[in-house]
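Below is one structure, written out as structure tokens; comments come after it.
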There are 2 protein chains.
Amino acid sequence: MARQAGSQGAETAERARRAALSLFARHGYAAVSMREIAAETGVGAAALYNHFATKQDLLTELMVKHLEALLAAWDAEPEAAAETEPRAALAAFARFHLRFHAARRDAVFVSTMELRSLDQPNFHRVERLRRAWEDRMEAIIRRGAEAGIFRAPEPRIATMALIGMLTGVTNWYRPAGRLPASAIEALHVEMTLSALGAAMTGDDACSPHP
Amino acid sequence: MARQAGSQGAETAERARRAALSLFARHGYAAVSMREIAAETGVGAAALYNHFATKQDLLTELMVKHLEALLAAWDAEPEAAAETEPRAALAAFARFHLRFHAARRDAVFVSTMELRSLDQPNFHRVERLRRAWEDRMEAIIRRGAEAGIFRAPEPRIATMALIGMLTGVTNWYRPAGRLPASAIEALHVEMTLSALGAAMTGDDACSPHP
DNA sequence: GTCTATACCTTGATAGAC
DNA sequence: GTCTATCAAGGTATAGAC
């Protein structure tokens, strides 16, 4: 997608990606012009076309890179192994999801809100990656449900609900807020397990396998 | 916001609102032109300006009307009363939220995704209404937590998490899907209560007040 | 690889006839 | 209240000099 470039060009491309991500997240893909991206990058508008064939390609590249990095990072985590005990695996997944997304708020915003700005071939490419992420979580929930550890009669529905809950944090979390990120993280991990009847903490003496 | 209009004009305004809602939901505010809205409405572009001063005003009106209708409809429900038992109130709130939103997918989409397209005064107006909705739910959770029925050490966080979960359904639910809406609704109501340690169903014999 | 200049198109919004 | 005609501004993308 990106054209070949020398060492100076690669730097420009990277600055352009960062500028585009920030601008798309704040104003939306359609509301941002290539001229604005170029200005933030520190080059003329025409120079962008040495690195990205079209504005649409630039958007697609941002989403694909984000989702591929997400999948690769999780698959490298030890708790991602299929042998991990389901409650531990789900807790690790929730924690990983929250941290990875909190560190990349712009990319999350763009990747979830600009799906409709992709033309059909690009949409399908990105959608496959999103689906792959959902499948990672569903596999954990399904294992736990079959083992009688989770109450999840419909693992796919539980997956969509919980991913929605976890990803939604990105929409309102502010680093300057009242609670530290660690507290918000702990509360969400707890609610994730609780939602499937597998809470680990406190006054709940009723998890199926105590 | 809308201009005065005779009986024919009022009809045009309503058709324009519907057209704009559908187009904004599908392609995004910035990607849709007044000409497209006019074409879908069946009038020329200039005619729209008899009913909406600017494109921005049209967007704002759509959001405000949606959120005001949401608040008014909930406040008219019997379970919205402050005396309702917290578990019943939360279940009713979740069910109401799911149904109201499922019936207005375009309005939900626009109202959550196009906040960034509002200029500052309009943003604050819409944000106040969104906040009011969150406050409705938070009040229920707070009551239940204080009564020891819900496990929610931070009612505001629980509110944001659960609203995110419930609203997220709009992003992936398809009427033609495998499960009927009633099943998806039941599963979400159950997960909502479970997340706060107050499940009502089945193999969970451990709700604090059995 | 980046620049200046520009082709070509669509945009939001307005003026004035009907 | 709607139309046709129009304006000024700004959109993506390209050409060709350096």
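In what follows, chains are A, B, ... by sequence order, proteins preceding strands, each numbered from 1. Source: prediction; values computed, not measured.
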How far does [atom1] of [X] sit from [atom2] of [Y], to the nearest 0.5 angstrom?
X: Q56(A); Y: L118(A); atom1: CD; atom2: CG; answer: 5.5 Å
X: T12(A); Y: N50(A); atom1: OG1; atom2: CG; answer: 9.0 Å
X: I141(B); Y: F93(B); atom1: CD1; atom2: CZ; answer: 8.0 Å

Any [X] side-chain nitrogen or oxygen under 4.0 Å from OP1 or OP2 of [N]:
X: S33(B); N: dT10(C); answer: no
X: T12(B); N: dT2(D); answer: yes
X: R35(A); N: dG11(D); answer: yes

Do E185(A) and L179(A) have side-chain heavy atoms sitting under 4.5 Å apart?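 The answer is no; the side chains never approach within 4.5 Å.
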
Just call it for A47(B): base, sugar-phosphate, or nothing, with non-hydrogen atoms closer than 4.0 Å on any strand.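 Sugar-phosphate only.
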
Output the single nucleotide from [options] whose closest atom is nearest the side chain of [X].
X: A46(A); options: dT14(C), dG12(C), dC3(C); answer: dC3(C)
X: Y49(B); options: dT11(C), dA13(C), dT4(C); answer: dA13(C)
X: T54(A); options: dG11(D), dC3(C), dA13(D); answer: dA13(D)
X: K55(B); options: dA13(C), dT2(D), dT12(D); answer: dA13(C)

